[in-house]
Amino acid sequence: KLYLDGGLADSIPLLHAVTDGCRKNVVVMTKEVGYRRVPSKHLELIKARYAKYPKVYERMANRAAAYNQQLDYLEAELKNGTAFLIQPSHPNEVGRIEKNRKKLRALYEEGYQVIQKEVPWQKVLLNSIVTKPIEKQDQCIAEVRSRLAQKKYDVGEWPLCELEATFFDDGMCILHFSIDMMISDFISTNIILKDLVFYYNHPDAESVPFSISYRDIVLYQNQMQYSEKYLIDKEYWMKRIEHLPVELDLPMCISSDKKQQIKFIQFNTRVAAEKWIAVKNELYKARITPSSFILTVYASVLGKWIRNKNFCINVTLLNRPDYDENIQNIVGDFTTTNILQVDLKNKTENFKEKILTIQEQLWRDIEHSMFSGVQVIREMTRQTKSHVIVPIVFTSMLGMENSISKIANTSVEYKISQTPQVWIDCQVSEINEELLINWDVRNDIFPEGMINDIFNAFENVLMLFCKNYEFMD
């Protein structure tokens, strides 16, 4: 029997999928953006070769027109939002039976990161509240914050950020900046805002291109997954997974309204600079990092409400590999996560011993961070055959330069983060040597008043330790 490529019958079987009842479809194409098929120059040879199969010749003769009609249909589906297209941005050089490994590798890596050749100007919406009464100004600012905080970006459309500016009658201005954290971590966001302020004040300054891009770093990290270190780290975590608790037994009150929009609320507290400096000095004497101290307070207080006492916290880490001298100036998402087991069943440990236990476990985990927390969760999901999430998050930015706070005449007045699979994110940072702790909490899944109680307990315990260091023993 003779067999021919099924593409002759239906090159892009999108209509077939829709007819079968598929309402959302992903189309993967090997041809580049803008490609259109032209009629074959060898139709007479094809007609002679398949003389016994007139239908085959008919298909080949009409293939270009049929293919292009399918492209038109695909384009309509894309505009309707009922199809998602994956295709290369430019023609590839890979043949049907390709043996050149470099060409195959280049095609494999195509599309991981695409850099626009030309970047359009970012539009900035201007809000003036000069003519509004004082009591209305705060309301206007809150409305802008709420709208940008709830904004959802289409990952396939540029830009994944938005800028607005609110002006006061004294010449002061609030710059509202919203960004999808899929493309930027905390440090990268600071780089963006720092550059924004610099070029605003120096509009004629020329930007100096770097020798690397974020794409180079992503490809480098992908290659590291073939290294011996990656295999060692993977083996470490495959053994750890056997002991990691999957469930988080925390009182929940999930709304039955599936259409309810996910919203986050924020709780925050501060420790004055003078007091915080004194606390850090005491912690260093005990060989305890400030981050480990706050993490243990966070875990211990949550443990009063988490009934199983043995649970995991998703610890956010920044991972900028020592790849190039310009690595600290590159914008991108360099975050990785560590799935930290917290076992509070040991009643004989005092608080200092508890801190050291958690700290040592975290350090051991970090030594094997090439196998990321995302990969650990995927493996836990595979092994348990259930959807595993670790929604309690801890993010420490202590020791990282807060670029924005060091720019003259600027200050960060408000910030909030939102991720659907995160329930509570404890974010720790320093501003002008003062400790700032924010809790970003999903507000639709917990019993009324419970998070207020947990955060008040956290704040009370934290302040108690900051006043009386001996209490840790």
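We number each residue from 1, following the sequence as shown. Predicted model only: the values in this text are computed from it and were never measured. We use all heavy atoms of the structure for the numbers below, so side chains are in, but hydrogens, waters and symmetry mates are not.
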| Does any donor atom in the side chain of W276 or E430 lie under 3.5 Å from an acceptor atom in the other side chain? | yes
| Which pair of non-hydrogen atoms, one from T296 and one from I355, has the smallest distance, and what is that distance? | OG1-CA, 3.5 Å
| query | Would F167 and L126 count as a side-chain contact (heavy atoms from CB on, under 4.5 Å) if you check the C-alpha gap in whole Å, the side-chain angles of each, and the deciding distance to 0.1 Å? | reply | CA-CA 8 Å; F167 291 92; L126 305 181; 3.8 Å; yes
| task | For A142, enumerate each residue passing the side-chain contact (heavy atoms from CB on, under 4.5 Å) test, keeping only those at least two apart in sequence or located in another chain. | result | none
| query | N329 versus F210: any side-chain heavy-atom pair under 4.5 Å? | reply | yes
| message | side-chain contact (heavy atoms from CB on, under 4.5 Å), that's the test. Do T289 and L283 meet it? Break it down for me. | response | CA-CA 6 Å; T289 68; L283 292 172; over 6 Å; no
| query | Any side-chain heavy atom of Y226 sitting closer than 4.5 Å to one from L231? | reply | no
| field | Heavy atoms of other groups near E247 CD, more than 12 under 6.0 Å | value | no
| query | What pair of heavy atoms forms the shortest contact from D324 to I212, and how long is it? | reply | CB-CD1, 3.4 Å
| query | Where do A299 and L344 come nearest, in terms of heavy atoms and distance? | reply | O-CD1, 3.6 Å
| field | Between CD1 on residue I277 and CD on residue E434, distance to nearest 0.5 Å | value | 10.5 Å
| message | Within this structure, what is the CZ-CG distance for the pair F311 and L248, rounded to the nearest 0.5 Å? | response | 7.5 Å
| query | So do the side chains of I377 and I389 get within less than 4.5 Å of each other, counting heavy atoms only? | reply | no
| note | Here the gap from Q221 atom CD to D216 atom CG, rounded to the nearest 0.5 Å, amounts to 11.5 Å
| request: Decide side-chain contact (heavy atoms from CB on, under 4.5 Å) for R270 and L435; before the verdict, give the C-alpha distance in whole Å, the side-chain angles of both, and the deciding distance to 0.1 Å. | output: CA-CA 5 Å; R270 296 173 180 263; L435 176 67; over 6 Å; no
| Looking just at side-chain N and O atoms, do T166 and H176 make a donor-acceptor pair shorter than 3.5 Å? | yes
| query | Looking only at heavy atoms, which two atoms of R364 and H368 are closest? And how far apart? | reply | O-ND1, 3.0 Å
| remark: Output for pair (K415 NZ, N268 CG), nearest 0.5 Å, gives 10.5 Å
| field | salt bridge (charged side-chain N to carboxylate O under 4.0 Å, His left out) between D343 and K354, intermediate numbers included | value | CA-CA 9 Å; D343 190 348; K354 190 179 298 183; over 6 Å; no
| message | Heavy-atom count check: over 12 atoms from other residues, nucleotides or ligands less than 6.0 Å from K136 NZ? | response | no
| said: Run the side-chain contact (heavy atoms from CB on, under 4.5 Å) test on I313 and V390 for me, step by step, so that the C-alpha distance in whole Å, both residues' side-chain angles and the decisive distance to 0.1 Å come before the verdict. | reply: CA-CA 6 Å; I313 292 180; V390 183; 5.7 Å; no
| When you measure from the side chain of E360 to the backbone N and O of T357, does any donor-acceptor pair fall under 3.5 Å? | no
| Is the centre of the F458 ring less than 6.0 Å from the centre of the F267 ring? | no
| task | On the 0 to 90° scale, with breaks at 30° and 60°, tag the Y323-Y220 ring pair as parallel, tilted or perpendicular. | result | tilted
| task | Please determine if E143 and R147 form a salt bridge, counting it only when a charged side-chain N lies under 4.0 Å from a carboxylate O. | result | no
| task | Specify the closest pair of heavy atoms between S213 and I330, including all atoms of both residues, with the distance to one decimal. | result | C-CG2, 4.4 Å
| message | Between T395 and D425, do the side chains contain a donor N or O and an acceptor N or O under 3.5 Å apart? | response | yes
| task | Find out whether Y230 and M224 are in side-chain contact, i.e. whether some heavy atom of one side chain is under 4.5 Å from a heavy atom of the other. | result | no
| query | Of the non-hydrogen atoms in C173 and A165, which two are nearest, and what is the gap between them? | reply | SG-CB, 3.9 Å
| message | When you compare the side chains of D333 and Y214, does any donor N or O come within less than 3.5 Å of an acceptor on the partner? | response | no
| field | Partner of T82 by side-chain hydrogen bond (donor to acceptor under 3.5 Å, both in side chains), out of K24, E77, R23 | value | E77
| note | Between the CG atom in D233 and the CD atom in E367, the distance rounded to the nearest 0.5 Å is 9.5 Å
| field | Whether F293 and F351 hold their rings parallel, tilted or perpendicular, with breakpoints at 30° and 60° | value | perpendicular
| message | Could you tell me if R378 and Q375 have a donor-acceptor pair between their side chains, going purely by distance under 3.5 Å? | response | no
| Note, I232 side chain near Y236 side chain (heavy atom, < 4.5 Å) | no
| query | Is it true that a side-chain atom of T337 and a backbone atom of T316 form a donor plus acceptor pair closer than 3.5 Å? | reply | no
| query | Within a radius of less than 6.0 Å around CD of Q383, do more than 12 heavy atoms belonging to other residues, nucleotides or ligands occur? | reply | yes
| request: Answer whether the closest heavy-atom distance between the side chains of W423 and I445 falls below 4.5 Å. | output: yes
| query | Any side-chain donor-acceptor pair under 3.5 Å between E162 and S178? | reply | no
| request: Would you tell me whether N310 and Q341 have side-chain atoms, one donor and one acceptor, within less than 3.5 Å of each other? | output: yes
| field | Between CG on residue N127 and SG on residue C140, distance to nearest 0.5 Å | value | 8.5 Å
| request: Taking atom types as modelled, find out whether S184 and T189 have a side-chain donor-acceptor pair closer than 3.5 angstrom. | output: yes
| Checking Y199 side chain against K194 main chain: does a donor-acceptor pair fall under 3.5 Å? | no
| query | Would a 4.5 Å heavy-atom cut-off, applied to side chains only, mark M450 and P447 as touching? | reply | yes
| field | Modelled atom types, side-chain donor and acceptor of Q359 and R287, under 3.5 Å | value | no
| field | P251 side chain reached by F446 side chain, heavy atoms, under 4.5 Å | value | no
| query | Hey, is D185 close enough to R320 for a salt bridge, meaning N to O under 4.0 Å? | reply | yes
| field | More than 12 heavy atoms of other groups within 6.0 Å of K309 NZ | value | yes
| query | Strictly by modelled atom types, are N438 and Q427 linked by a side-chain donor-acceptor pair under 3.5 Å? | reply | no
| message | Distance alone, cut at 3.5 Å: any donor-acceptor contact between the side chains of E459 and T269? | response | yes
